[in-house]
Structures are given as structure tokens and as C-alpha cells.
Amino acid sequence: MMNEQTTTQNLVEKTVFPILFALSFSHLLNDTIQSLIPAIYPVIKTSYGLSFSQIGLITLTFQLAASLLQPFVGLYTDKKPQPYSLAIGMGFTLTGLITLSQSSHFYTMLISVALIGVGSSIFHPEASRMAHAASGGKRGLAQSVFQLGGNAGSSLGPLLAAWIIVPYGQFSVIWFSIIALLAIVILTYVGNWYKGFVLARSKKANVQAVVNQFSRKKVIFAVSILLLLIFSKYFYMASLTNYFTFYLIDKFHVSVQTSQIYLFVFLFSVAAGTLLGGPIGDKIGRKYVIWASILGTAPFALLLPHANLFWIGVLIVPIGMILASAFSAILVYAQELIPGKVGLVAGLFFGFAFGMGGIGSALLGRLADAQGINYVFNICAFLPLIGLLTGFLPNIETKKK
């Protein structure tokens, strides 16, 4: 009995890196699959004669399916943790991949991406909870490690699309079902750990590093600002993730493969910058990281629409790296602002991020059809200036015990 209690106490105090790395790698696999959706847009747009509005609707369908369920999943798992929900969610993703490879009609594509979105909505809140549980108190580090896998996976999608999907066609998407199967195996292992240790210790101890000393009104105000910052980040990210390839093809007449490589450089920069925000926030405070990561993107974003092809390749690196550090800091800041609701907060912010990405893609698609793709990038360049709102956030680090 004493050994079990000692093991439980050690797990509370120590960062469980094997679980963090397993979650991060699973996040990589999950987001690699997700990133295939925008990566194949040039292929299906040409094959089926789709408009930018239809491309935006595909993204909106995926993002809404991936966002609407997340807060409810998080709220439910805060009360009743589900160790094997991640593997089940990946099963939805696997089904969506198979149907997407077979889709020959616009509406079946919508159903396929919706299934992948449902898998994502199950994955993110509970995976974030598990990363929090394995953090050993280093919450910013844990979320950054977790996010690193997701952003690395997002960067791989365009590259894999350029190597596999563009030359071999839409049906080659089915080969990525192997990735989903691998993720199911890893997530089952993580579920075993979560069931055997985390659930046992959660009944004995509720460890909180932050005590919420703010009024309900102030918490709501702070969360509203955080959601506005998520809006600015993910609307801008939607312009680059979904339409950057079209922008390069339209303005510089590059090939689809070349445009995918530029998109890979941007998304890889996002992955490289992800690991910075969490650990730095652990040391100097999350508000400062949020401030620098969103507002700091603005000068580079404003220059991007006026740059030539060479300088675009240069500018997308700092844009990706600086902007990437925001989400981990925002998420942990919100979890400390509302202690004890780790899953709900994760579901709310992941869900809102996905939703803003989807709505942004749909609106920007219609704008591109009406005004042209160059106009879209000129308008979106101003979005990071919303980072000025960070100045209104309370300094929660002063409330730590």
C-alpha cells in the first residue's frame, strides 16, 4: 500500500516525459492527417472544378466538426475521465480518411472531412488533460511539447501531399490510414497509463499550482480577450494554411509542388517556434509571451504582401515561429485563470481555434472569389495588431502561492 502511495506521489511531482512524448507523437500523427485536407485543395480544385467558396466550405465543415464538440468533451471528461477516448476518436479519423480517398462528389468530401473533424474534437481536450496530468507542475513545458507534435504534423502534410498525393492522385490518401492505425496503438498505451495512475491519484489529491483570486466578471473579461487573440491568430493562420499556395501560384506562377514546399517552410517554422512559448511562460509569465507572440508577428505580416518570392520565403519563417508560441501560453494562462477545469478550458480554446480557422477559411474564400487572392493577403496582414489587447489581461503570476 505504501509503495502504491509513493508511486502516486512521485507521479504528481515528476514530469512523465515518456507519456508527454507519446502524446506529442500522437498529436503529430493526428495533425499530419488533418493537414492533408488543405494540402490536397489544389488537386481537388482542379479535378472537380471547385470554387474558392467551395474550398472554404470544406474547411468550414471540418473545422466546425472539430470545434463544436470539444468544450462538451472537455466538460464531460473533467467529471468522468475517459482513458481510451483518444483511440476511439482516432477511429473516426481513420474512417474519414478512407471515405475521403474514395470521394468523387463535393458532398461526400464534406462528410469525410466532418468524420476527421469529429476525431479531432475527441482527441484534443482529453490529450491536453493527459499532458497536464503528466506535466509534474511544468504546465507550459508540457503543453509546448504536446503542441510541438501537432505543429510538426501540420507541417508534414503539405510535403507528403507534394510527394504522394499530387503525383498519385486523391486515392493515395488511403495510404495515410496506416498513420491512423499507428496512432490508435500508441493512444491505447497512453490510455493504459492514464487509467492505471492518473485516475488513481486524482481521487486522492487535487493538486493546483494556482488559486483563482479573481472575480467572475474579471475572469469572463480576461477569457473574452484571450478568445479575441485566438481569433486574430487563427484567422491569420487560415489565410496562410489554406490559401498561401494559391497566392503563390497566382502572383508568382510557381508550380503546385513549389507552393507546397513554401507552405511546408511556414508550417515547419510554426512547429519550431511552438516549443518556445510554454517554457518561457513558465519562467517569465505567460502574459508577456502572449503579448510578444501575437503583436510581434505584425511587422513581418505587414511586409509579406509587398515582398517578392525570395523575401516571402524569408518572412514566413519569423511569422511562423513568433506566432506559434502564442497558443501554449494562452491555453495554460486560461487553465490557471480557471483552475480545476483543465478539460473544459482545453476544449473551449481548441474548439474556438478550430472554429475560427474554419469560419476564417470560408469568409476568406468568398472574399478571394469576389476581390482576388492578393486582396485577402493585404487585409489579413493587419490581424496581428489585435495583439495590443494583451495589455488588458491581469497578471495572474502574481497570484501564485
Side-chain angles (χ1 to χ4, degrees), residues 28 31-47 50 52 55-56 58-59 148 150-168 172-173 176 233-274 296-326 357 360-361 364-365 367-368 372-384:
L28 182 150
D31 285 23
T32 295
I33 294 170
Q34 289 181 185
S35 66
L36 293 175
I37 296 173
I40 67 170
Y41 285 165
V43 175
I44 62 174
K45 187 176 189 297
T46 302
S47 299
L50 302 180
F52 281 120
I55 292 293
I58 291 173
T59 302
L148 175 64
N151 288 332
S154 295
S155 72
L156 289 176
L159 205 59
L160 293 172
W163 289 343
I164 299 173
I165 297 174
V166 172
Y168 296 106
S172 61
V173 170
F176 293 93
K233 170 181 164 62
Y234 280 90
F235 252 65
Y236 187 61
M237 286 286 287
S239 70
L240 288 169
T241 304
N242 296 299
Y243 299 107
F244 190 42
T245 54
F246 296 114
Y247 174 74
L248 295 176
I249 292 169
D250 179 74
K251 188 171 183 177
F252 301 105
H253 309 292
V254 300
S255 67
V256 173
Q257 286 89 342
T258 300
S259 71
Q260 295 285 8
I261 291 171
Y262 274 84
L263 181 58
F264 165 75
V265 171
F266 167 70
L267 293 174
F268 185 81
S269 300
V270 170
T274 300
T297 308
F300 305 101
L302 290 168
L303 287 172
L304 187 69
H306 310 287
N308 60 29
L309 187 60
F310 170 79
W311 281 107
I312 282 178
V314 174
L315 289 170
I316 57 176
V317 174
I319 287 174
M321 292 188 68
I322 297 171
L323 194 62
S325 60
S361 180
L364 294 176
L367 191 60
I373 198 73
N374 289 334
Y375 182 80
V376 167
F377 275 77
N378 277 284
I379 293 297
C380 289
F382 293 92
L383 286 170

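This is a predicted model, so every value here is computed, not measured. Count residues from 1 along the sequence.
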**Study point:** Other residues, nucleotides, ligands: >12 heavy atoms within 6.0 Å of Phe252 CZ
**Key:** yes

Practice item. List the atom of Leu364, the atom of Cys380, and the distance in Å for their closest heavy-atom pair. Key: CD2-SG, 3.6 Å

Point to revise | Pairwise distance CG(Leu267) to CG(Leu240) - rounded to 0.5 angstrom | key: 8.5 Å

**Study point:** Centroid separation Phe264 to Phe268 less than 6.0 Å
**Key:** yes

**Study point:** Gap between atom CD1 of Ile37 and atom CD1 of Ile58 - 0.5 Å precision
**Key:** 9.0 Å

Point to revise | Set of residues satisfying side-chain hydrogen bond (donor to acceptor under 3.5 Å, both in side chains) with respect to Thr59, sequence neighbours excluded | key: Tyr41, Ser361

Exercise for review: Could I get the full list of ring pair (Phe, Tyr, Trp, His ring centres under 6.0 Å) partners for Phe300, not counting sequence neighbours?
Suggested key: none

Practice item. Not counting sequence neighbours, which residues clear ring pair (Phe, Tyr, Trp, His ring centres under 6.0 Å) with Tyr236? List them please. Key: none

Review point. How about Val256 and Thr245: do any of their side-chain heavy atoms sit closer than 4.5 Å?
Key: no

Exercise for review: To the nearest 0.5 angstrom, please state how far the OG1 atom of Thr32 sits from the CG atom of Leu160.
Suggested key: 6.5 Å

**Study point:** Closest heavy-atom pair and its distance - Ile165, Val173
**Key:** CD1-CG2, 3.8 Å

Review point. Please, which pairs that meet side chain to side chain donor-acceptor pair (under 3.5 Å) have at least one residue in residues 256-272, sequence neighbours excluded?
Key: Ser255-Thr258

Review point. Say you draw a straight line from CD1 of Ile261 to CH2 of Trp163; how long is it, rounded to the nearest 0.5 Å?
Key: 8.5 Å

Revision key, fill the gap. In terms of heavy-atom contacts, Phe52 and Phe246 come closest through CE2-CG, 3.6 Å

Would you tabulate the side-chain donor-acceptor contacts of residues 301-314 under 3.5 Å, counting partners in other chains and residues two or more places apart, or write 'none'?
unit_1, atom_1, unit_2, atom_2, d
Asn308, OD1, Phe310, N, 3.2
Asn308, OD1, Trp311, N, 2.9

Check your understanding: Can you name the residues that form a side-chain hydrogen bond (donor to acceptor under 3.5 Å, both in side chains) with Ser47, not counting sequence neighbours?
Key -> none

Point to revise | Approximate separation, where rounding is to 0.5 Å, of Lys251 NZ and Ile373 CD1 | key: 11.5 Å

**Study point:** Spatial distance of atom CZ (Phe266) from atom CG (Leu323) [nearest 0.5 Å]
**Key:** 6.5 Å

